[in-house]
Asker: 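Can you keep this structure in mind? I'll have questions shortly.
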Amino acid sequence: METLRASWFGFEKTWTWYRRNWRATAVSSFLTPVLFLLALGLGFGSQVQSTALIGGVPYLQYLAPALVVVTAVQGATFESTFPVMSQFMWQKSFVAMVATPITPAQVLYSQTMWIGSQLLLRSVVFVGVAAALGAAAGPGILLAIPVATLAGLAFSAPLVAYSATLDKPDAFNNIFRFVLMPMTLFTGAFFPVSQLPDWLVPLVWLTPAWHGIELARGATFGTLDLLPALGHVVYLGALVGVGIALGVKFFHRRLAV
């Protein structure tokens, strides 16, 4: 209970800043994903025929649940890189927090809580806009909200731990170019993974985005079987757990005095 209370104080600190400065991130957090859906779903999607390959549904509806996950993973990447390094090196917010009775582990928990809340909020907004545009195939798309949040955290937790080990931001460029971009394009959001070369498919299976997309689409279209769903959830949960465990270790190494 004491850990939760201390972590909440850290979360409240970030929330106090955000409610005064949310406009600075409104475009990247909310408007850009919506424009993405409009351009690819309504624009490009108008040229894509509905075939058995995409489940016989309009491309806009095929795309929507996957984009909820993709935008959550993208948001998790941005929230878990420069903002984390900044609070270690430039703003030194984390350093100030551990000068109080808050421990390095509790600092990590508060940051994870904040990122999770951001992913949840963005997913809710995205699904609401998708429904307004006719992109929701049914009420099952609501399940894409917690799925996207979990998938985002599954990528965020290890990335936050990694960010805690860095002293220079240059390494983030490789994350954006060689991890985030391929994971956005080639994990089944825009076309079925079966269309990829066979050697690439096992690499796709390792990504949290693919597991999230499979869960979100299956829940939306009612095609999700119990055992595969449990497998996806367990894998994503394991990534979160491993990431937090590493994060506790690296935050303690960097902040403990």
Side-chain angles (χ1 to χ4, degrees), residues 32-76 119-120 122-155 180-237 239:
T32 299
V34 171
L35 293 176
F36 209 37
L37 181 63
L38 289 172
L40 292 174
L42 293 177
F44 173 75
S46 65
Q47 306 302 308
V48 178
Q49 295 183 353
S50 176
T51 65
L53 195 62
I54 60 173
V57 299
Y59 187 70
L60 178 63
Q61 293 184 358
Y62 174 80
L63 191 63
L67 277 186
V68 181
V69 175
V70 166
T71 53
V73 171
Q74 289 176 337
L119 300 180
L120 180 63
R122 294 175 188 183
S123 299
V124 168
V125 172
F126 191 96
V127 168
V129 172
L133 293 174
I141 198 172
L142 293 174
L143 294 175
I145 295 171
V147 166
T149 303
L150 177 60
L153 285 174
F155 191 56
L180 178 61
M181 187 58 66
M183 190 163 54
T184 297
L185 296 176
F186 303 120
T187 53
F190 306 105
F191 57 87
V193 172
S194 60
Q195 302 303 295
L196 293 171
D198 291 341
W199 64 267
L200 189 56
V201 174
L203 295 178
V204 172
W205 293 341
L206 297 175
T207 65
W210 178 77
H211 290 274
I213 289 169
E214 290 293 299
L215 278 171
R217 277 216 179 101
T220 298
F221 300 125
T223 58
L224 196 61
D225 293 327
L226 179 60
L227 287 180
L230 286 175
H232 293 311
V233 172
V234 168
Y235 182 79
L236 294 174
L239 287 178

Asker: So, for Pro208 and Ala154, which heavy atoms are closest and what is the spacing to 0.1 Å?
Answerer: CB-CB, 3.9 Å
Asker: I need the Phe190 CZ to Leu67 CG distance, nearest 0.5 Å.
Answerer: 5.5 Å
Asker: Here's a test for you: under ring pair (Phe, Tyr, Trp, His ring centres under 6.0 Å), which of Tyr235, Phe155, Trp205 qualifies with His211?
Answerer: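 Of the listed options, the one satisfying the test is Tyr235.
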Asker: Can you find a pair of side-chain heavy atoms, one from Thr184 and one from Val73, that are under 4.5 Å apart?
Answerer: no
Asker: To the nearest 0.5 Å, how far apart are CG in Leu206 and CE in Met183?
Answerer: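 Atom-to-atom, Leu206:CG and Met183:CE are 11.5 Å apart.
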Asker: Would you name the heavy atoms of Leu224 and Glu214 that are closest together and state the gap between them?
Answerer: CD1-O, 4.0 Å
Asker: Kindly give the heavy-atom pair with the smallest separation between Ala66 and Ile213, and that separation in Å.
Answerer: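 That closest heavy-atom pairing would be CB-CG2, 3.9 Å.
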Asker: What I'd like to find out is whether the side chain of Trp210 reaches to under 4.5 Å of the side chain of Val69, using heavy atoms alone.
Answerer: no
Asker: Please find the pair of heavy atoms, one from Ala216 and one from Ala144, that lie closest to each other, and give the distance.
Answerer: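 Heavy atoms only, the tightest pair is CB-CB, 3.9 Å.
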Asker: Are Leu53 and Phe191 side-chain neighbours, meaning at least one heavy-atom pair lies under 4.5 Å?
Answerer: no
Asker: More than 12 non-hydrogen atoms from neighbouring residues, nucleotides or ligands closer than 6.0 Å to CD on Gln49, yes or no?
Answerer: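 Not more than 12 within 6.0 Å, no.
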Asker: Is there a side-chain contact (heavy atoms from CB on, under 4.5 Å) between Leu143 and Thr220? Walk through the geometry before answering.
Answerer: CA-CA 7 Å; Leu143 294 175; Thr220 298; over 6 Å; no
Asker: What heavy-atom pair brings Thr149 and Ser123 nearest, and what distance separates the two atoms?
Answerer: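 The pair with the smallest heavy-atom distance is OG1-OG, 4.3 Å.
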Asker: Got a donor-acceptor contact below 3.5 angstrom from the Ser50 side chain to the Val57 backbone?
Answerer: yes
Asker: Are Phe126 and Leu37 side-chain neighbours, meaning at least one heavy-atom pair lies under 4.5 Å?
Answerer: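 Phe126 vs Leu37: side chains touch.
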Asker: Whether the side chain of Arg217 engages the backbone of Tyr62 through a donor-acceptor N/O pair (distance < 3.5 Å, no angle test) should be reported.
Answerer: yes
Asker: Answer yes or no: is there a side-chain heavy-atom contact under 4.5 Å between Leu120 and Ile145?
Answerer: yes
Asker: If you measure from CG on Leu200 to OG1 on Thr187, what distance do you get to the nearest 0.5 Å?
Answerer: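 Reported to 0.5 Å precision, the distance equals 10.5 Å.
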Asker: Main chain of Val68, side chain of Arg122: is a donor-acceptor contact present, judged purely on distance under 3.5 Å?
Answerer: no
